[in-house]
Amino acid sequence: MASSGQKVVLITGCSSGIGLRIAVLLAKDEKKRYHVIATMRDLKKKDKLVEAAGDAYGQTLMLLPLDVCSDESVKQCINSVKDRHIDILINNAGVGLLGPVESISMEDMKRVFETNFFGVVRMIKEVMPDMKKRRAGHIVVMSSVMGLQGVVFNDVYTASKFAMEGFCESMAVQLLKFNVHLSMIEPGPVHTEFETKMMEDVAKMEYPGADADTVRYFKDVYLPSSKDIFEAMGQTPEDIAKCTKKVIESSNPRFRNLTNSLYTPIVAMKYADETGGLSVNTFYNLLFNFGPLMHITMSILKCLTCSCLRRRTVSPN
């Protein structure tokens, strides 16, 4: 139970990665300003979180089961919180999907939207009325730079994040009238166990339904380029957690928060040309015409991104 003066923070998707690191960082806050409710679909996967939380577990951090894809689970979780009082909701639960779209089933596509889009909508619908009544609250959504700029072979995942960006951009206007803030956290590549396993798995798959050229472009062109980008520009879950903490502690939190300043020119390029041709043609040339050059560029960038520069990319400011 939260102590007097503590803010109640509910976080989804805390079994690993970014959600785990955010939960631990807030629970271990030196001033003990937060009472963290870390949630996950399967509490059998709690061991990593409990170990990382240490003495904070059972003190400033508690666990609850929550499946963002289930109306009943969402309602039951929120109802189990004292007075349904949640000061900060951090929507982190999400799934990825990568590969040629011809080989992806409609069921898999719907699963991505059920979690990444409708899962967040469920959470917001459940906590928003109470926040509006109190005229106070902060809703944080873990989005992605792929919610701002499309990335080849990430078509469905990107679409789910675009949908969330549009939904939240619309909601933010209404919520401000009730003194409720809504913030998007927009990381670029992040080194997590989930990302590593997904990249390893997709490289071994066959992709029935996709033509041979497309599969070859995906495996021999996109995947190596993606690996270069992750190594040169990737952040850690700890970086994203620190950024998120800065956002919720801001007296005037920003709506959009790019966590990696190295991605700012890429996003800006999209809005520099209203026809969309600049970004589409640039990414096409980088991937298919200047692949070796991009590999060299990423290698140089990896050498240049020293710890000092990487610390700068953590701040939303």
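For reference, positions follow the sequence shown, starting with 1. Excluded from the calculations below are hydrogen atoms, water molecules and symmetry mates; all remaining heavy atoms, backbone and side chain alike, are included.
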Visitor: Apply side chain to side chain contact (heavy atoms under 4.5 Å, CB included) to the pair Leu66 and Met40, showing each step before the final yes or no.
Guide: CA-CA 5 Å; Leu66 171 63; Met40 60 189 71; over 6 Å; no
Visitor: Are Asp29 and Lys245 close enough, and set up right, to give a salt bridge (charged side-chain N to carboxylate O under 4.0 Å, His left out), and what steps lead you there?
Guide: CA-CA 10 Å; Asp29 178 66; Lys245 189 170 186 284; 3.4 Å; yes
Visitor: Could you please spell out the steps behind the salt bridge (charged side-chain N to carboxylate O under 4.0 Å, His left out) verdict for Asp220 and Arg216?
Guide: CA-CA 6 Å; Asp220 298 341; Arg216 179 168 56 84; 5.4 Å; no
Visitor: Does Asn91 reach the side chain of Ile139, with side-chain heavy atoms less than 4.5 Å apart?
Guide: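 Touching, per the 4.5 Å side-chain cut-off.
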Visitor: If you apply the rule side-chain hydrogen bond (donor to acceptor under 3.5 Å, both in side chains), what do you find for Asp273 with Thr275, and how did you get there?
Guide: CA-CA 5 Å; Asp273 173 22; Thr275 72; 2.9 Å; yes
Visitor: So which atom in Gly96 and which in Tyr157 form the shortest heavy-atom distance, rounded to 0.1 Å?
Guide: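 Residues Gly96 and Tyr157, closest heavy atoms: CA-CD1, 3.8 Å.
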Visitor: Can you name the nearest heavy-atom pair linking Ala272 to Leu278, along with the distance?
Guide: CB-CD2, 4.4 Å
Visitor: Please confirm whether Lys7 makes a cation-pi placement over Tyr34, using NZ or CZ under 6.0 Å from the six-membered ring centre and within 45° of the ring normal.
Guide: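 No, a cation-pi geometry is absent between Lys7 and Tyr34.
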Visitor: Please tell me whether Leu98 and Met205 are part of a single hydrophobic cluster in this structure, the criterion being side-chain heavy atoms less than 4.5 Å apart.
Guide: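 Yes, it is one cluster - the side chains of Leu98 and Met205 are joined through contacts under 4.5 Å.
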Visitor: Gly99 and Asp155: which non-hydrogen atoms are nearest, and at how many Å?
Guide: O-OD1, 3.9 Å
Visitor: Is there a donor-acceptor pair closer than 3.5 Å between any side-chain N or O of Gln6 and the backbone N or O of Lys32?
Guide: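 Indeed, once roles are kept as given, a pair shorter than 3.5 Å links the two residues.
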Visitor: Report whether Val215 and Val152 are members of the same hydrophobic cluster (ILVMFWY, side-chain heavy atoms less than 4.5 Å apart, transitive linking).
Guide: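 Shared cluster, yes.
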Visitor: How long is the span from the CZ atom in Phe162 to the CE atom in Met146, to the nearest 0.5 Å?
Guide: 11.0 Å
Visitor: Counting only heavy atoms not in Lys219 (residues, nucleotides, ligands), do more than 12 fall under 6.0 Å from its NZ?
Guide: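 Result for NZ/Lys219: enclosed.
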Visitor: Rounded to the nearest 0.5 Å, what separation is found between the CD1 atom of Ile266 and the CG atom of Leu262?
Guide: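 Interatomic distance, Ile266 CD1 to Leu262 CG, rounded to 0.5 Å: 8.5 Å.
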Visitor: Closest approach of Ile78 and Ile86, non-hydrogen atoms and distance?
Guide: CD1-CD1, 3.5 Å
Visitor: Does Asp83 reach the main-chain N or O of His85 with its side chain, forming a donor-acceptor pair under 3.5 Å?
Guide: no
Visitor: Return the CE to CD1 distance between Met123 and Ile11, rounded to the nearest 0.5 Å.
Guide: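 Result: 11.0 Å between the selected atoms.
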Visitor: Report yes if the side chains of Leu20 and Lys48 come closer than 4.5 Å at any heavy-atom pair, otherwise no.
Guide: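 Contact flag for Leu20/Lys48 side chains = yes.
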Visitor: Compare all side-chain heavy atoms of Phe218 with those of Val202 and state whether any distance is below 4.5 angstrom.
Guide: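 In contact.
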Visitor: Looking at Glu165, Lys161, Glu186, Arg256, which one forms a side chain to side chain donor-acceptor pair (under 3.5 Å) with Ser143?
Guide: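 Of all the options given, the one that passes is Glu165.
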Visitor: Return yes when atom CZ of Phe283 has more than 12 non-hydrogen atoms of other residues, nucleotides or ligands closer than 6.0 Å, and no otherwise.
Guide: yes
Visitor: To the nearest 0.5 Å, what is the distance between OG on Ser160 and CZ on Phe113?
Guide: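 Between Ser160 OG and Phe113 CZ, I get 5.5 Å after rounding to 0.5 Å.
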Visitor: Whether the side chain of Asp211 engages the backbone of Thr214 through a donor-acceptor N/O pair (distance < 3.5 Å, no angle test) should be reported.
Guide: yes
Visitor: Compare all side-chain heavy atoms of Thr39 with those of Leu63 and state whether any distance is below 4.5 angstrom.
Guide: no
Visitor: Apply the test side chain to side chain contact (heavy atoms under 4.5 Å, CB included) to residues Met109 and Val101: give CA-CA distance (whole Å), side-chain angles for both, the deciding distance (0.1 Å), then the verdict.
Guide: CA-CA 9 Å; Met109 295 184 190; Val101 72; 3.4 Å; yes
Visitor: Would you check if Glu126 and Arg84 make a side-chain contact, meaning some heavy-atom pair closer than 4.5 Å?
Guide: yes
Visitor: Under a 4.5 Å side-chain heavy-atom rule over Ile, Leu, Val, Met, Phe, Trp and Tyr, are Val112 and Met142 clustered together?
Guide: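 Shared cluster, no.
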Visitor: Counting distance only, does the side-chain N/O of Asp87 pair as donor-acceptor with the main-chain N or O of Val8 below 3.5 Å?
Guide: yes
Visitor: With rounding to the nearest 0.5 Å, note down the distance linking OG1 in Thr12 to CZ in Arg122.
Guide: 12.5 Å
Visitor: For the side chain of Arg21 and the backbone of Ile18, is there at least one donor-acceptor N/O pair under 3.5 Å apart?
Guide: no
Visitor: Would you check if the side chain of Asn285 reaches a backbone N or O of Asn281 as a donor-acceptor pair within less than 3.5 Å?
Guide: yes
Visitor: Any chance you could lay out the side chain to side chain contact (heavy atoms under 4.5 Å, CB included) test for Ile90 and Leu10, step after step, and finish with the verdict?
Guide: CA-CA 6 Å; Ile90 301 179; Leu10 188 142; over 6 Å; no
Visitor: Are any of the side-chain heavy atoms of Thr282 and Ser279 separated by less than 4.5 Å?
Guide: no
Visitor: Is the shortest side-chain heavy-atom distance between Arg134 and Asp130 below 4.5 Å?
Guide: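 Yes, side chains in contact.
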Visitor: Side chain of His138, backbone of Leu182: donor and acceptor closer than 3.5 Å?
Guide: no
Visitor: Starting at NE2 of His181, measure out to CE of Met131 and round the result to the nearest 0.5 Å.
Guide: 11.5 Å
Visitor: Could you tell me whether the side chain of Ile229 reaches within less than 4.5 Å of the side chain of Tyr263, counting heavy atoms only?
Guide: yes
Visitor: Just wondering, more than 12 heavy atoms not from Arg33 lying within 6.0 Å of its CZ?
Guide: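 Atom CZ in Arg33 is crowded, with more than 12 foreign heavy atoms closer than 6.0 Å.
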Visitor: For the residue pair Tyr217 and Phe288, is the inter-centroid distance of their aromatic rings smaller than 6.0 Å?
Guide: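 Yes - the distance between ring centres of Tyr217 and Phe288 falls below the 6.0 Å cut-off.
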Visitor: Hey, quick one: are Leu49 and Ile37 part of the same hydrophobic cluster, counting side-chain heavy atoms closer than 4.5 Å, chains of contacts allowed?
Guide: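 Leu49 and Ile37: separate clusters.
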Visitor: Assess whether side chain to side chain contact (heavy atoms under 4.5 Å, CB included) is satisfied between Val9 and Ile22, documenting all intermediate values.
Guide: CA-CA 10 Å; Val9 186; Ile22 294 175; over 6 Å; no
Visitor: Any side-chain to backbone donor/acceptor pair from Ser80 onto Cys77? Under 3.5 Å, distance only.
Guide: yes
Visitor: Taking all heavy atoms of Met184 and all of Cys168, pick out the closest pair and write down the distance.
Guide: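 Minimum heavy-atom separation between Met184 and Cys168: SD-CB, 3.4 Å.
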Visitor: Return yes when atom CD of Gln174 has more than 12 non-hydrogen atoms of other residues, nucleotides or ligands closer than 6.0 Å, and no otherwise.
Guide: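 Correct, the count exceeds 12.
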Visitor: For Asn116 and Val95, indicate whether the former's side chain and the latter's backbone hold a donor-acceptor pair under 3.5 Å.
Guide: yes
Visitor: Cluster question for you: counting only ILVMFWY and a side-chain heavy-atom cut-off of under 4.5 Å, with indirect links fine, are Phe118 and Val127 together?
Guide: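 Yes; Val127 is reachable from Phe118 via cluster members.
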Visitor: Could you tell me whether Lys46 atom NZ has more than 12 heavy atoms of other residues or ligands within 6.0 Å of it?
Guide: no
Visitor: If you count every heavy atom of other residues, nucleotides or ligands that lies below 6.0 Å from Asp42 atom CG, does the total exceed 12?
Guide: yes
Visitor: How far apart are the closest heavy atoms of Ala23 and Cys14, and which atoms are they?
Guide: CB-SG, 4.2 Å
Visitor: Does Glu102, at its CD atom, have more than 12 non-hydrogen atoms belonging to other residues, nucleotides or ligands within less than 6.0 Å?
Guide: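 Atom CD in Glu102 is crowded, with more than 12 foreign heavy atoms closer than 6.0 Å.
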Visitor: Could you tell me whether a side-chain N or O of Ser103 sits under 3.5 Å from a main-chain N or O of Pro100, the two making a donor and an acceptor?
Guide: yes
